[in-house]
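Worksheet for the structure shown next.
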Amino acid sequence: MYKTHTCGELRATHAGKQVTLAGWVHRRRDHGGVIFLDLRDRYGIIQVTVNPDLSKETLEHVANVRMEWVLQVTGTVHKRPAGMENPKMQTGEVEIIAESIDVLNPAKTLPFMVSGENDLPDENTRLKYRYLDLRRERMSRNMILRHKVVKFMRDFLDKQNFIEIETPILFKATPEGARDYLVPSRIYPGQFYALPQSPQQLKQLLMVAGMDRYFQIARCFRDEDSRGDRQPEFTQLDLEMSFVHRDDVLALVEALYTDMIPRVAPRKKLLSSPWPKFSYKEVVEKYGTDKPDLRFGMELIDVSDIFTKSDFRVFQSAIESGGVIKCIVAPGCADYSRKEVDALTESAKALGAKGLATLAVTGEGLKGTAAKFVKSEEEEAVKSKVGAKEGDLILFAADERAVVNKVLGGLRVIFRDKLDLADPDLMAFAWIVDFPMFAWNEEEKKWDAEHHPFTMPQLDDLPKFETNPAEILSDAYDMVCNGYEMASGSIRIHRSDIQLKVFQLLGLRGDEIEQKFGHMLEAFEYGAPPHGGMAPGVDRLVMLLADEPNIREVIAFPKNQTGRDVMADAPSEVEPKQLKELHIQIKE
RNA sequence: GGUCCCGUGGUGUAGCGGCCUAACAUGCGGCCCUGUCAAGGCCGAGAUCGCGGGUUCGAAUCCCGUCGGGACCGCCA
């Protein structure tokens with residue numbers, strides 16, 4: 001070993017000990033005589049004091065030492081002289097009086113500073129030199145937090161009799177869902193493996209195999225455009241249980257998170273325990289989204305009934321064409337300028353609205369774009385229904401129901417950020433249940449599975465397969481937190497007759513079903529237990545716990561938004577020989 | 001595929017028609033300095049302002065295009 005101790009562990013109790021440390025030069029302070037070097041490793045930073053009584057040779061090469069050089073230092077731990085302690089450092093009571101210093105490796109001048117948290121370089125520069133970026137304390141802390149989260153999950157589930165099983169990365173393409181990443185086969189010309197979008201089928205087959213309680217920290221791959229909370233490859237805690245109902249799965253995951261968060265992120269507080277449960281329909285009507293941020297109010301309020309006889313053309317036509325009028329109340333925003341309201345209108349339009357009507361409640365009565373159309377009885381009715389006070393701004397959307405919800409749901413989040421309505425230390429978990437089973441795909445004129453095709457429809461709704469598929473509810477559930485979808489799961493179909501009905505409704509032909517899913521249907525005929533599970537996202541959870549704005553900050557080597565690995569420069573072209581072996585020709 | 005925002009020494013910012021021969025901080029090089037901890041002081045090197053075109057007497061600054069990046073919509077069972 002190059003060292004006897006870590007830089008972070010030394011305290012006053014070590015005083016008098018001779019130690020050898022190895023690490024990076026975090027900062028240097030050269031006073032001409034005495035030189036201070038802050039030496040850093042993963043565990044912390046400690047001050048190394050180089051006194052001028054060392055050999056001339058040592059002093060000469062210490063004078064050359066720069067930031068991020070790798071040193072091995074042998075010296076004695078001393079309590080610092082009175083008044084010289086640094087309370088900002090964990091090791092601030094002590095210092096190492098250097099006896100010998102070896103340069104294990106010098107470093108070129110870095111493209112950016114590792115010490116200090118401010119003035120981060122452009123993100124692509126950070127990604128290009130990710131191994132340097134990860135030296136920063138914040139990134140190192142994120143990696144450690146992530147480790148703790150995953151470790152807690154493993155330990156918790158192990159205690160609950162779960163076993164961790166690895167499933168293949170090279171698997172089969174599926175027609176449903178996200179675009180697959182394909183891997184060409186060398187041995188079978190023209191055939192491809194697919195990287196798993198999730199181990200969905202495999203974990204269900206493990207239930208058929210009697211594995212009973214399975215989990216995996218599973219890498220998943222989806223060839224879709226990235227976002228702050230979406231990467232081409234990401235990690236889920238994939239789990240599946242046999243002989244359970246919906247609430248058994250929810251209870252397990254809720255217990256896992258409720259136990260974990262105080263242990264790994266003590267600053268974080270749960271908004272409520274137990275977590276609230278909303279139906280999909282309820283939550284969309286109230287918050288305009290199926291992944292609401294429950295840390296603040298500003299709920300959507302339906303005021304259609306107040307404006308049934310409105311003089312306002314926009315309201316009239318919405319009602320006449322079967323739509324709704326809903327609103328949100330932005331507290332204290334009545335004094336918004338024309339410019340600010342215009343910006344909100346633009347946002348509303350981007351979300352699909354035709355426009356945005358506003359009422360500002362002021363000391364001189366109503367103002368805003370809808371003010372002159374609002375009758376006095378309507379004014380009173382609205383104010384009392386939405387609880388608007390003087391100084392508030394009411395924003396209305398009038399359109400078909402889905403559009404209204406989406407627009408106001410989007411504006412609600414904009415106000416959250418504008419007005420700082422959400423406490424960053426709160427974790428507002430909730431369950432969303434009773435999702436629709438199918439959604440009509442207008443473009444392709446077919447039914448799509450809202451969750452995935454293995455989701456169990458609610459048994460009461462089975463007759464609706466023939467009458468009204470849109471009304472079929474499924475036994476699917478989501479876990480949401482602070483406006484993010486944190487997990488998704490369902491009770492699965494374990495009967496091949498129901499599975500067949502679903503495939504047929506999705507428009508899959510018999511031969512297609514056989515080719516794509518024959519192995520699943522066959523498996524279900526050999527005694528499949530009732531089962532269900534879910535898959536909480538690891539990246540998003542760690543992101544929230546680490547107070548990071550995107551999941552790239554909690555992934556060691558992420559892709560950028562355009563799906564590129566900036567450090568290794570992937571994807572990249574390959575040798576013609578490789579293509580030839582894979583029977584692939586590039587079309588120009 | 002679409003909308004919006006950003007692109008100035010190694011890094012982070014300022015400058016937003018002429019005072020820019022581009023400023024500040026930090027890093028880098030040199031000198032001074034024995035108790036600092038974002039050490040300090042002095043000196044110095046380092047940028048044709050992403051790229052291309054246009055407007056103008058004059059462009060880092062305005063316009064168009066393009067490339068790169070980010071946020072969002074679509075997409076993400």
Side-chain angles (χ1 to χ4, degrees), chain A residues 26-39 45-53 59 63-64 66-68 78 80-89 91-92 95 97 108-129 132-133 174-180 197-198 200-201 220-232 234 343 346-347 349-352 406-407 410 413-414 417 435-439 441 443 447-455 474 476 485 488-490 502 506 535 537 549-550 552 560-562 564 566:
Chain A
H26 191 66
R27 292 273 184 180
R28 60 188 281 274
R29 292 176 294 282
D30 184 345
H31 285 243
V34 67
I35 299 172
F36 300 104
L37 299 172
D38 289 342
L39 198 68
I45 298 172
I46 188 160
Q47 172 164 289
V48 174
T49 304
V50 183
N51 283 317
D53 54 4
L59 291 174
N64 293 324
R66 291 294 178 273
M67 289 201 283
E68 300 304 315
H78 280 251
R80 293 198 190 183
M84 301 296 166
E85 302 87 354
N86 184 351
K88 285 188 280 185
M89 291 174 79
T91 59
E95 61 188 340
I97 305 299
K108 289 205 296 186
T109 301
L110 267 56
F112 56 87
M113 293 250 283
V114 169
S115 56
E117 280 302 307
N118 301 325
D119 295 342
L120 279 182
D122 162 82
E123 191 173 356
N124 254 23
T125 308
R126 293 175 56 205
L127 290 176
K128 180 170 178 192
Y129 300 99
L132 300 179
D133 193 36
T174 49
E176 292 284 321
R179 206 173 286 120
D180 286 314
Q197 297 174 26
S198 80
Q200 184 59 37
Q201 297 185 27
C220 305
F221 305 87
R222 294 176 191 176
D223 188 2
E224 299 291 348
D225 290 353
S226 297
R227 287 285 192 286
D229 63 346
R230 273 163 35 191
Q231 281 268 305
F234 60 99
E346 281 312 303
S347 303
K349 282 182 177 167
L351 290 160
K406 187 173 174 196
V407 168
V413 172
I414 290 171
D417 299 336
F435 281 83
M437 179 84 190
F438 302 105
N441 182 333
E443 270 168 48
W447 291 100
D448 285 343
E450 185 76 25
H451 185 56
H452 60 61
F454 309 108
T455 301
S474 73
E485 178 192 310
S488 191
S490 63
V502 171
L506 293 175
N550 63 64
R552 297 187 296 275
N560 70 8
Q561 185 167 194
T562 55
R564 197 146 259 292
V566 183

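Here the structure is a predicted model, which means the values were calculated and not measured. Chain naming here is simple, since letters A, B, ... match the order of the sequence lines and numbering starts at 1 in each.
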Item to check | Base partner of B/C75, which must satisfy Watson-Crick or wobble distances under 3.5 Å | outcome: none
Checklist entry - Given that A/T125 and A/G32 both sit by RNA chain B, which one's nearest nucleotide is further toward the 5' end? => result A/T125
Next on the checklist: I'd like to check the side-chain hydrogen bond (donor to acceptor under 3.5 Å, both in side chains) partners of A/R230; sequence neighbours left out, ordered by chain and number.
Outcome noted: none
Checklist outcome for this item: d(A/W447 CH2, A/M437 CE) to nearest 0.5 Å is 12.0 Å
Sort me out a list of protein N/O and nucleotides 4-8 of chain B N/O pairs below 3.5 Å, or just none if empty.
none

Item to check | Interatomic distance, A/D225 CG vs B/U3 C1' [rounded to whole Å] | outcome: 14 Å
Next on the checklist: By the 4.0 Å heavy-atom rule, please label A/G228 as base, sugar-phosphate, or nothing.
Outcome noted: sugar-phosphate
Checklist entry - Residues two or more places apart in sequence or in another chain: which of them pass side-chain hydrogen bond (donor to acceptor under 3.5 Å, both in side chains) with A/T109? => result none
Checklist entry - Going by ring centres under 5.5 Å and near-parallel planes (under 30°), is A/F112 stacked on B/U11? => result no
Item to check | Distance (rounded to the nearest 0.5 Å) between A/N560 CG and A/Q231 CD | outcome: 8.5 Å
Checklist entry - Taking the same atom, P, in B/G7 and in B/G12, what whole-Å distance lies between them? => result 12 Å
Item to check | Separation between the P atoms of B/G68 and B/G74, rounded to whole Å | outcome: 24 Å
Next on the checklist: Taking B/C43 as the reference, what is the distance to B/U48 when you measure between their C1' atoms (whole Å, please)?
Outcome noted: 26 Å
Item to check | Atom of A/M67, atom of A/H26 and distance for their closest heavy-atom approach | outcome: SD-O, 3.5 Å
Checklist entry - At their closest point, which heavy atom of A/R66 faces which heavy atom of A/A63, and how far apart are they? => result NH1-O, 3.2 Å
Item to check | Base-pairing assignment for B/C33 (Watson-Crick or G-U wobble, both under 3.5 Å) | outcome: none
Checklist entry - CG of A/L120 versus C1' of B/U11: gap in Å, rounded? => result 10 Å
Checklist entry - Rounded to the Å, how far apart are A/N51 CG and B/G35 C1'? => result 9 Å
Next on the checklist: Under 4.0 Å, heavy atoms only, any strand: does A/K406 hit a base, just the sugar-phosphate, or nothing?
Outcome noted: sugar-phosphate
Next on the checklist: What contact category does A/P121 fall into here, base, sugar-phosphate, or nothing, at under 4.0 angstrom with non-hydrogen atoms?
Outcome noted: sugar-phosphate
Next on the checklist: Before you tell me yes or no, could you show the steps for A/F435 and A/T455 under side chain to side chain contact (heavy atoms under 4.5 Å, CB included), namely the whole-Å CA-CA distance, both residues' side-chain angles and the distance that decides it to 0.1 Å?
Outcome noted: CA-CA 10 Å; A/F435 281 83; A/T455 301; over 6 Å; no
Next on the checklist: In this structure, how many angstroms lie between the C1' atom of B/U11 and the CD atom of A/E68, rounded?
Outcome noted: 14 Å
Checklist entry - Below 4.0 angstrom, N of the basic side chain to O of the carboxylate: do A/E224 and A/R179 qualify? => result yes
Item to check | Distance, nearest 0.5 Å, that separates CZ of A/F221 from CG of A/D180 | outcome: 11.5 Å
Item to check | B/G70 and B/G50, which share atom name C1', separated by this distance in whole Å | outcome: 16 Å
Next on the checklist: Check this for me: does the side-chain of A/E346 come within 3.5 Å of the base of B/U3 through a donor and an acceptor?
Outcome noted: no
Checklist entry - Does A/D38 have any side-chain hydrogen bond (donor to acceptor under 3.5 Å, both in side chains) partners at least two apart in sequence or in another chain, and if so, which? => result A/R29
Next on the checklist: Using whole Å, what does the distance between atom P of nucleotide B/U11 and atom CG of A/L132 come to?
Outcome noted: 13 Å
Item to check | Trace of the side chain to side chain contact (heavy atoms under 4.5 Å, CB included) decision for A/R80 with A/T49 | outcome: CA-CA 10 Å; A/R80 293 198 190 183; A/T49 304; over 6 Å; no
Checklist outcome for this item: Re B/C24: Watson-Crick or G-U wobble partner, both distances kept under 3.5 Å, found to be B/G12
Checklist entry - If you measure from the C1' atom in B/G17 to the same atom in B/C28, how many Å do you get, rounded? => result 35 Å
Item to check | Protein-nucleotide distance (A/I414, atom CD1; B/A71, atom P), rounded to Å | outcome: 16 Å
Checklist entry - Given the P atoms of B/A59 and B/G18, what is the spacing between them in whole Å? => result 11 Å
Next on the checklist: Looking at every heavy atom in both A/I46 and A/M89, which two are closest together, and how far apart are they?
Outcome noted: CA-CE, 4.0 Å
Checklist entry - For A/H31 and B/A39, are the ring centres under 5.5 Å apart with planes inclined under 30°? => result yes
Item to check | Side-chain ion pair, A/D30 and A/R28, N-O less than 4.0 Å | outcome: yes
Item to check | First encountered from the 5' end of RNA chain B, between A/T49 and A/S198 | outcome: A/T49
Checklist entry - When we call it a touch if two heavy atoms are under 4.0 Å apart, what does A/Q201 touch: a base, just sugar-phosphate, or nothing? => result nothing
Checklist entry - Does A/K108 come within less than 4.0 Å of A/E68, counting only side-chain N to carboxylate O? => result no
Checklist entry - Say you pick atom C1' in B/C6 and the same atom in B/C49; how far apart are they, in whole Å? => result 14 Å
Item to check | OP1 or OP2 of B/A38 under 4.0 Å from side-chain N/O of A/K88 | outcome: yes
Next on the checklist: Over all strands shown, is A/Q197 touching base, sugar-phosphate only, or nothing at heavy-atom distances under 4.0 angstrom?
Outcome noted: nothing
Item to check | Heavy-atom donor-acceptor pair, A/R230 side-chain to B/C76 base, under 3.5 Å | outcome: yes
Checklist entry - If pairing requires Watson-Crick or G-U wobble contacts with both distances under 3.5 Å, which nucleotide is the partner of B/C4? => result B/G70
Next on the checklist: Taking 4.0 Å as the cut-off, does a side-chain nitrogen or oxygen of A/K349 come that near to OP1 or OP2 on B/C72?
Outcome noted: no
Checklist entry - Would you say B/U36 has OP1 or OP2 under 4.0 Å from some side-chain N or O of A/R29? => result no
Output a table of nitrogen or oxygen pairs between the protein and nucleotides 68-70 of chain B separated by less than 3.5 Å.
unit_1	atom_1	unit_2	atom_2	d
B/G69	OP1	A/N560	ND2	3.3
B/G69	OP1	A/T562	OG1	3.2
B/G70	OP1	A/Q561	N	2.7
B/G70	OP2	A/Q561	N	3.4
B/G70	O3'	A/R552	NH2	3.4

Checklist entry - So do A/L120 and A/R126 actually touch side chain to side chain, heavy atoms under 4.5 Å? => result yes
Checklist entry - Paired with B/G58: which nucleotide, if any, by Watson-Crick or G-U wobble criteria at under 3.5 Å for both distances? => result none
Sort me out a list of protein N/O and nucleotides 27-30 of chain B N/O pairs below 3.5 Å, or just none if empty.
unit_1	atom_1	unit_2	atom_2	d
B/G29	OP1	A/R66	NE	3.4
B/G29	OP2	A/R66	NE	2.9

Checklist outcome for this item: note: A/D448, atom CG; B/C76, atom P; distance rounded to Å ~ 8 Å
Checklist entry - Touch check for A/P111, heavy atoms < 4.0 angstrom, all strands: base, sugar-phosphate only, or nothing? => result sugar-phosphate
Item to check | Distance, P atom - from B/A23 to B/G9, rounded to whole angstrom | outcome: 13 Å
Checklist entry - Could you state the CD-C1' distance from A/E224 to B/C76, rounded to the nearest angstrom? => result 5 Å
